[in-house]
Amino acid sequence: MATSTDEYDVIVIGGGPAGENAAAYAVAGSDRSAAIIEHELLGGECSYWACMPSKALLRPAEVLAAGRAMPGVRETIGEATLDRRAVFARRDEFTSHHDDSGQRKWAASVGVDVIHGSAALTGERTVELSTGGHGDPPTRTLRARHAVVLATGTLASIPPVPGLREALPWISRDATNLREVPERVAIIGGGVVATECATWLLALGVRELTVIVRGSALLAAAEPFAGELVAESLRAAGASVLFGTSPSAVRREQPRDTGVGRIHGGPVTITFDGRERGEITVDEVIVAAGRHPATSGLGLAAVGLTDGRTPTDDHLAVLGVPGEWLYAVGDVNGRAALTHMGKYQGRVCGDVISARAEGRALDSARFTASADHAQVPQVVFTSPEVASVGRTERAASADGIDVETVEVDIAVAGSSLARDDFAGRAKLVIDRGTDTLVGATFVGTEVAELVHAATVAVVGAVQMESLWHAVPSYPTVSEVWLRLLEARRG
């Protein structure tokens, strides 16, 4: 079989947002060349199977709930439910109907080649490409003059429960791209994917929903009140949430792969034990029990690494690989498994590669990824929303910080006078020694729009006394900041 060798300045393996940013920033304003190798769709998991479709499914449910809470609107809505066909059509628009031509046009516009195929490292700055599409020969060897960037993301994990894998369960890709709405669903897991999925499934009319959680709380990494309020909301919407419980066996009648988002066979019987013991029968089971780095077949052994997470330094260079030519961005490096943090890492990584290629010193904060060290913002788009940044009280104490906290009900803010039934809770975590904010959590309606102000305060190490002079507009949700500062002053 013929083999050709091509050279690029930068080769990026993985075409999600993190990889796209790394490639674009590495060649920006220069004559350097870059290629992105992607075996699926350019744009990655977020664009087609995660962030975009999930938010598209969640927004209609949020709007409907807001209408039902508002006098004058609820009377008009009555008992109306979501139009599934219209919701799915909007979701498909958000994912461009799984057509990445728009992303490919963008790549061409910034001078980045896109190669369809699967890549594996074979040595320093060398990648072997296996492909049969887009007119490429079956095998090519690509060589990078400056850098190779790993941006392969993660894959859904299936726990080793007897019968579970054989039952062909839904994973997050099925849940976000569902074409059929099962009447009875079990979700295994209690994190972000599980809780968001439960939220839109209930809104779409699932009749029986059971969430099976091995731990003692939903959203275990968040402040405890966040998971408690989300669990309370899911139960109020009709879900059964089982804590301290794990499936011990799964059996499906006539399992068959019917395609993404379609019910994969007959009824599924799940036996579970722990704090709760019993058996349930559902139409579909969804596994949302974590993810693992997509490094199998990536050839890490060829450069002295093992499959799994690829830790990096703050310039995003992979640790344990000499020569500063191999980088890793996004979920694969395990630093902060969030799209916006992957994009941030991609920007930093691209700038580092550019500077090193041009012989410039890395003496600016621009070349250091520090925002994913206990300064990470995150939003969980459940009902209520959960928005947070930085450390929780528990994490701050574990890090040896002299912690002070302040907590208020969001409804005490003046915004409650002008909005729908606006309720929730907010908490600040303060470093008493430096008098700066190190963490914040908001739970309630539209709190996603509060978290960036907190992120600026955390990253900027803004003095709490200075925040007193950052006056929020009235009447807005942001007024909760004033109530938090007032509560602290006593």
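Arg173 and Glu45 are joined by a salt bridge, as a carboxylate oxygen and a charged side-chain nitrogen come within less than 4.0 angstrom of each other. One finds a salt bridge joining Arg391 and Asp399 here, because a Lys/Arg side-chain nitrogen approaches an Asp/Glu carboxylate oxygen to under 4.0 Å. A salt bridge does not link Asp99 to Arg104: none of the charged nitrogens lies less than 4.0 Å from a carboxylate oxygen. Here Glu62 pairs with Arg59 in a salt bridge; the nearest charged N to carboxylate O distance falls below 4.0 Å. Using a cut-off of 4.0 Å between Lys/Arg side-chain N and Asp/Glu carboxylate O, Glu393 and Lys427 are scored as salt-bridged.
Remark: side-chain polar atoms of His39 are not paired, donor with acceptor, to backbone N or O of Gly117 under 3.5 angstrom. In this structure, the side chain of Ser54 engages the main chain of Ala50 through a donor-acceptor pair within 3.5 Å. Put simply, the side chain of Thr382 gets close to the backbone of Pro384: a donor and an acceptor are under 3.5 Å apart. Thr310 contributes no side-chain N or O that, together with a main-chain N or O of Val318, makes up a donor-acceptor pair within less than 3.5 Å. A donor-acceptor pair is defined here as one N or O able to donate and one able to accept, closer than 3.5 Å; such a pair exists between the side chain of Gln345 and the backbone of Gly330. At distances below 3.5 Å, not a single donor-acceptor pair connects side-chain atoms of Arg214 with backbone N or O atoms of Gly244. Side-chain N or O atoms of Glu385 include one that pairs as donor or acceptor with a backbone N or O of Val447 at under 3.5 Å. Within the 3.5 Å criterion, the main-chain N or O of Gly308 finds a donor-acceptor partner in the side chain of Thr295. Remark: side-chain polar atoms of Arg91 are paired, donor with acceptor, to backbone N or O of Leu178 under 3.5 angstrom. Using modelled atom types, one side-chain atom of Tyr344 and one backbone atom of Ala371 make a donor-acceptor pair closer than 3.5 Å.
Of all heavy-atom pairs between Phe243 and Ala231, the closest is CZ-CB, 4.2 Å. In plain terms, the two heavy atoms of Trp106 and Ala24 that are nearest each other are CZ2-CB, 3.9 Å. In terms of heavy atoms, Thr141 sits closest to Thr126 at CG2-CG2, 3.7 Å. Across all non-hydrogen atoms, the minimal contact from Ala426 to Phe442 is CB-CD2, 3.7 Å. Closest approach of Leu300 and Leu121 over heavy atoms only: CD2-CD1, 4.1 Å. For the residue pair Val329 and Val149, the shortest heavy atom distance occurs at CG2-CG1, 3.9 Å.
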Applying side-chain contact (heavy atoms from CB on, under 4.5 Å) to Arg360 and Ser354, what does each step give before you reach the verdict? CA-CA 8 Å; Arg360 292 183 282 129; Ser354 173; 3.1 Å; yes

Given Glu124 and Val303, is the side-chain contact (heavy atoms from CB on, under 4.5 Å) satisfied, shown in steps? CA-CA 7 Å; Glu124 183 174 337; Val303 293; 5.9 Å; no

Given Arg145 and Glu7, is the side-chain contact (heavy atoms from CB on, under 4.5 Å) satisfied, shown in steps? CA-CA 7 Å; Arg145 299 184 189 95; Glu7 284 197 337; 3.5 Å; yes

I would like to know whether Asp307 and Leu298 meet side-chain contact (heavy atoms from CB on, under 4.5 Å); could you show each step before the answer? CA-CA 8 Å; Asp307 283 348; Leu298 193 53; 5.5 Å; no

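With contacts defined as side-chain heavy-atom distances shorter than 4.5 Å, the pair Leu42/Glu20 qualifies. The side-chain heavy atoms of Glu284 and Asp174, taken from C-beta on, include no pair separated by under 4.5 Å. At least one side-chain heavy atom of Cys349 sits under 4.5 Å from a side-chain heavy atom of Ile353.
Remark: Tyr327 engages no residue in a ring pair (Phe, Tyr, Trp, His ring centres under 6.0 Å) (not counting sequence neighbours).
To the nearest 0.5 Å, atoms CZ (Arg262) and CH2 (Trp170) are separated by 9.5 Å. We find the CG-CG distance between Asp402 and Asp431 to be 7.0 Å, quoted to the nearest 0.5 Å. One distance of note links NE2 of His373 with OG1 of Thr368; it measures 9.0 Å at 0.5 Å rounding. The NE2 atom of His315 lies 5.5 Å from the CZ atom of Arg356; values are rounded to the nearest 0.5 Å. With rounding to the nearest 0.5 Å, the separation of CG in Asn333 from OG1 in Thr152 is 10.0 Å. Separating the OG atom in Ser478 from the CD atom in Glu449 is a distance of 9.0 Å, to the nearest 0.5 Å.
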Would you list the atom pairs, donor with acceptor, under 3.5 Å between side chains in residues 453-468 and any protein atom, with sequence neighbours excluded?
from   : atom 1 : to     : atom 2 : distance (Å)
Thr455 : OG1    : Val451 : O      : 2.9
Gln463 : NE2    : Thr434 : O      : 3.2
Glu465 : OE2    : Arg489 : NH2    : 3.0

Would you list the atom pairs, donor with acceptor, under 3.5 Å between side chains in residues 185-200 and any protein atom, with sequence neighbours excluded?
from   : atom 1 : to     : atom 2 : distance (Å)
Thr195 : OG1    : Gly191 : O      : 2.9
Thr195 : OG1    : Val192 : O      : 3.1
Glu196 : OE1    : Lys55  : NZ     : 3.2
Glu196 : OE2    : Phe381 : N      : 2.8
Thr199 : OG1    : Thr195 : O      : 2.8

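Remark: Arg165 CZ is loosely packed, at most 12 non-hydrogen atoms of other residues, nucleotides or ligands lying under 6.0 Å away.
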